[in-house]
Chemist: 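Here it is: the structure, laid out below.
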Number of protein chains: 2
Amino acid sequence: MARGRSEERKAEIVRAALEVIAERGYRGASLGAVAERVGLTQQGLLHYFPTKEALLVAVLEERDRWDTSGGRDRERWRLDLMESLVEYNAMRPGIVQTFSALLGESVTEDHPARAFFTERYAQVRENMADVLSAEFGETLPGGLTPERAAPLLTAVMDGLQFQWLLDPDAVDMPAAFRDFLRLLRAPDAAGRGGALADSGQDGERNGRPGA
Amino acid sequence: MARGRSEERKAEIVRAALEVIAERGYRGASLGAVAERVGLTQQGLLHYFPTKEALLVAVLEERDRWDTSGGRDRERWRLDLMESLVEYNAMRPGIVQTFSALLGESVTEDHPARAFFTERYAQVRENMADVLSAEFGETLPGGLTPERAAPLLTAVMDGLQFQWLLDPDAVDMPAAFRDFLRLLRAPDAAGRGGALADSGQDGERNGRPGA
DNA sequence: CGTAACCTACCGATCTACAGGTAGGCGAGT
DNA sequence: ACTCGCCTACCTGTAGATCGGTAGGTTACG
């Protein structure tokens, strides 16, 4: 019966770590603060994760689990699923904040999350390219290819997250993301006719309440 | 002759601070490390900037100076100037890294740079909207308005910076940015004909050397 | 049954390292 | 003489990590 008890506790700690990192970043997050949240002392926490970095690794693995839902899963995403993902994210500022903070820190020298993000983005770009090519074939507006549009799609998601985190009232993240998709779906008169791009657009309210 | 000597030293310190922040972020940057770089002790540095936060403020002001070149300057930018800006940035990874790291940290609670970035992005979005509307009028591909495209343009710039910092060989930031502009300039068959969008495209090499 | 051996889950004390900041002083230029 | 530029000395706080221990729970076995 003691079996799995430890794993459970670890998961609890990881959850707390996510919170603390969201609030203070990785460098600013102290083991003591995390420990306190689960009713442990700092030393008690170190019993489960021998170093601070080990805890971070667990946090990153946790993300891989629910975000890419199983890593490089073979089932391909579709653009409308990404729309849902953005909407989902918009309801979980905490999670978004955690990983935006980590992303920001990771560009720093010798940051323990750097390799993780580098590899992750390479993989995300590939996924995005697959999604785009499944949706549009090889021809996108402006003469772009899926491979060239992939970094843009990725960039928009991340960039919007920062703007949204800084001022949620000024940026309607899901709406803005849909706007970007509209850009991709817009039939391009100069190139060729949109391959299989439909034009079934949803009724859209404006995405700029503030400012 | 001692006049201005102090200001000069301060500028030197701010430059060093930019470097250190790029390497370790704001939280990870120690006054001692900055001081060492200009041949001072930590306390010597505190003579010029009484607190760490004061130094950060100076760093942020410095950015406002050369990036928006004088703050909310009346002279409007144009899209091709932003293209140049991105190219310019691509040659200065240090600066980009500094402010990407700060941006990432700033979404954290009680971060001293948070207000700065919040206000800054509101202003940038406005500028972007102005630029877009000067370039395209009120009609963009996909039925977007300048106000709705502005957050996207901003997001793309930031998002690309992160991807590029993490793996400069995998992402050709300037080329990717031009790709996005192409998306904006692509004549939209569904909407109206592109307002004043020319279609003079530059010869473009592909922007994905790695992966 | 009982007890020795061992493991898990922690906590208290303590070490080392910086970190930011204060107080006061000293030398040099004006 | 006085201020400016900078340093030495020092204080306080905090962080990650190690060490040693304790309490409770098995398991092995005589």
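Just so it is clear: chains get the letters A, B, ... in the order the sequence lines come, proteins before strands, and each one is counted from 1. Hydrogens, waters and symmetry mates play no part in the numbers below; they use all other heavy atoms, side chains included.
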Chemist: A:L46 near the nucleic acid: base, sugar-phosphate alone, or nothing, with a heavy-atom cut-off under 4.0 Å?
Modeler: base
Chemist: Can you tell me how far P of D:dC7 sits from CZ of B:R9, to the nearest Å?
Modeler: 8 Å
Chemist: Examine the side chains of B:Q97 and B:R92 and answer whether a donor and an acceptor come within less than 3.5 Å of each other.
Modeler: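 No, no side-chain donor-acceptor contact under 3.5 Å.
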Chemist: Over all strands shown, is A:A33 touching base, sugar-phosphate only, or nothing at heavy-atom distances under 4.0 angstrom?
Modeler: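 Here A:A33 touches no strand at all.
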Chemist: Mind listing the closest non-hydrogen atom pair of B:P146 and B:L132 along with its distance?
Modeler: O-CD1, 3.8 Å
Chemist: Check whether the ring centres of A:Y26 and A:H111 lie less than 6.0 Å apart, and answer yes or no.
Modeler: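 Aromatic pair counts; centres sit under 6.0 Å.
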Chemist: What's the closest nucleotide to the B:K52 side chain, out of C:dG21, D:dA17, C:dA9?
Modeler: C:dG21
Chemist: Does NZ or CZ of B:R185 fall inside the cone over B:F136's six-membered ring, less than 6.0 Å from its centre and within 45° of the axis?
Modeler: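 Relative to the ring axis of B:F136, which defines the angle, B:R185 lies outside at least one limit.
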Chemist: In this structure, how many angstroms lie between the P atom of D:dG16 and the CZ atom of A:F49, rounded?
Modeler: 15 Å
Chemist: Could you state the CZ-C1' distance from A:R27 to D:dG16, rounded to the nearest angstrom?
Modeler: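 Taking atom C1' of D:dG16 as the reference, CZ of A:R27 is at 14 Å.
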Chemist: Any N/O pairs under 3.5 Å between the protein and nucleotides 13-17 of chain C? List them or say none.
Modeler:
residue	atom	partner	partner atom	Å
C:dA13	N6	A:Q43	NE2	2.8

Chemist: What are the two closest non-hydrogen atoms of B:A58 and B:F49, and how far apart are they?
Modeler: CB-CE2, 3.6 Å
Chemist: Taking the basic N atoms (NZ, or NE/NH1/NH2) and the acidic carboxylate oxygens, is any pair closer than 4.0 Å for A:E12 and A:R15?
Modeler: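 No salt bridge links A:E12 with A:R15.
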Chemist: Nearest-Å distance, CG (B:L45) to P (C:dT22)?
Modeler: 14 Å
Chemist: Starting at atom NE2 of A:H47, determine the distance to atom C1' of D:dA17, rounded to an integer number of angstrom.
Modeler: 16 Å
Chemist: I need the CD-P distance between B:E8 and D:dG5, as an integer number of Å.
Modeler: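 One finds 12 Å between P of D:dG5 and CD of B:E8, rounded.
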Chemist: Just how far, in rounded Å, is C1' of D:dT14 from CD of A:E36?
Modeler: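 These atoms are roughly 14 Å apart.
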Chemist: For C:dC18, take OP1 and OP2 only and decide whether either is under 4.0 Å from a side-chain N or O of B:S30.
Modeler: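 No.
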Chemist: Please confirm whether the shortest side-chain N or O distance from B:T41 to OP1 or OP2 of D:dC7 is below 4.0 Å.
Modeler: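 Answer is yes, contact under 4.0 Å.
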Chemist: Would a 4.5 Å heavy-atom cut-off, applied to side chains only, mark A:E105 and B:R24 as touching?
Modeler: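 A:E105 vs B:R24: side chains apart.
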Chemist: Of the non-hydrogen atoms in B:A16 and B:V38, which two are nearest, and what is the gap between them?
Modeler: CB-CG1, 3.8 Å
Chemist: Would you check if the distance from the ring center of B:F162 to the ring center of A:F162 is below 6.0 Å?
Modeler: yes
Chemist: So which of residues 97-115 of chain A are in contact with DNA chain C, with a heavy-atom cut-off of under 4.0 Å?
Modeler: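 Nothing qualifies; none.
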Chemist: Looking across every strand, which nucleic acid part, if any, lies under 4.0 Å from B:L40 by heavy atom: base, sugar-phosphate, or nothing?
Modeler: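 Sugar-phosphate, backbone atoms only, no base.
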Chemist: Looking at every strand, decide which applies to B:A54 at a 4.0 Å heavy-atom threshold: base, sugar-phosphate, or nothing.
Modeler: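 The residue B:A54 makes no contact with any strand.
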